[in-house]
Amino acid sequence: MDENLDALETRIPFAPQLPTAQQIAAGLAIIALVSPAMLGGIPVLPVTIQDERRRQQEEIQQTSESSVGVYHSSAEAAVGLAASQKRLANVSNEVNKTHLHSVSEQDIVQAHERVMAAQVRPELSARFLSALNHVATDTADLCMLRDDEAHLELELELNES
C-alpha cells in the first residue's frame, strides 16, 4: 500500500490536450450544418469564388429574363414595343447585311434562319436573339395590359349601371 501512495505522488495529473485543427474544422462544420437546420433554416455552406460568380451570373440572367410586367399602362407598353421592333429591325439589317429603311417580316425570318444556321458572328447572333426576345416580351406585356384595361373598363361600366 505504501508503494501505491508513492506512485500517486509522482504521477503527473491529467492535462487536457488542445484539439487538432481537423477536430476544430469538424466541430465548426457540424455546428454550421445543424444549427440553422434546428431553427428551420437552410444550412449555410461555404462557397468558393467560382460558385459566387456563377450565382451572380444566374441572378443577372433571371433579372433579364423576367422583364414581362415592366410597363404599367398599354400606352407605355406600345412605346416599348415600338422601340423593341426598331432595335430588331436594325439588328436584322446587320445580320442580313442590308440597309433597308423598312424591314419586313420576311427579312426578320431570313435573319433568324441565318442566326440559327450559325452564319453570323456570335456577338451579332446574341444581339439578334436578345432583340427578338424583347419584342416577344413587350408584345406579351401589351396584350396583357390591353386585356386588363378592357376588363377594368367593363367592370366600371357594370358598376355604374
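The chain is numbered in sequence order, starting from 1.
- Linking ILVMFWY residues whenever their side-chain heavy atoms come closer than 4.5 Å, directly or via other members, leaves L145 and L81 in distinct clusters.
- By the criterion of side-chain heavy atoms lying less than 4.5 angstrom apart, applied directly or through intervening Ile, Leu, Val, Met, Phe, Trp or Tyr residues, I108 is grouped together with L124 in one hydrophobic cluster.
- Counted by atom type alone, E76 and H72 present zero donor-acceptor pairs between their side chains at under 3.5 Å.
- Atom OG of S84 sits about 9.5 Å away from atom CG of D141, to the nearest 0.5 Å.
- The OG atom of S92 lies 11.0 Å from the CZ atom of R114; values are rounded to the nearest 0.5 Å.
- Partner of F128 under the side-chain contact (heavy atoms from CB on, under 4.5 Å) criterion, chosen from M116, H112, R87: H112.
- In this structure a side-chain-to-backbone donor-acceptor pair under 3.5 Å is present from N93 to L100.
- With N133 as the fixed residue, the side-chain contact (heavy atoms from CB on, under 4.5 Å) test singles out one of L129, V135, T137: T137.
- Residue Q22 places its CD atom among 12 or fewer non-hydrogen atoms of other residues, nucleotides or ligands, all under 6.0 Å distant.
- Distance CD/Q106 to CD/E113: 7.0 Å, rounded to 0.5 Å.
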**OP:** Start with the C-alpha distance between S74 and L142, add both sets of side-chain angles, then the distance that settles side-chain contact (heavy atoms from CB on, under 4.5 Å), and finish with yes or no.
**Re:** CA-CA 6 Å; S74 61; L142 181 61; 4.1 Å; yes

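- Between L152 atom CG and E155 atom CD the span is 6.0 Å, to the nearest 0.5 Å.
- Taking CG from N90 and CD from Q85, the interatomic distance works out to 12.0 Å, rounded to the nearest 0.5 Å.
- For the residue pair D107/S104, the side-chain donor-acceptor check at 3.5 Å is satisfied.
- Counted within 6.0 Å of CD on Q23, heavy atoms from surrounding residues, nucleotides or ligands total more than 12; the atom is thus considered enclosed.
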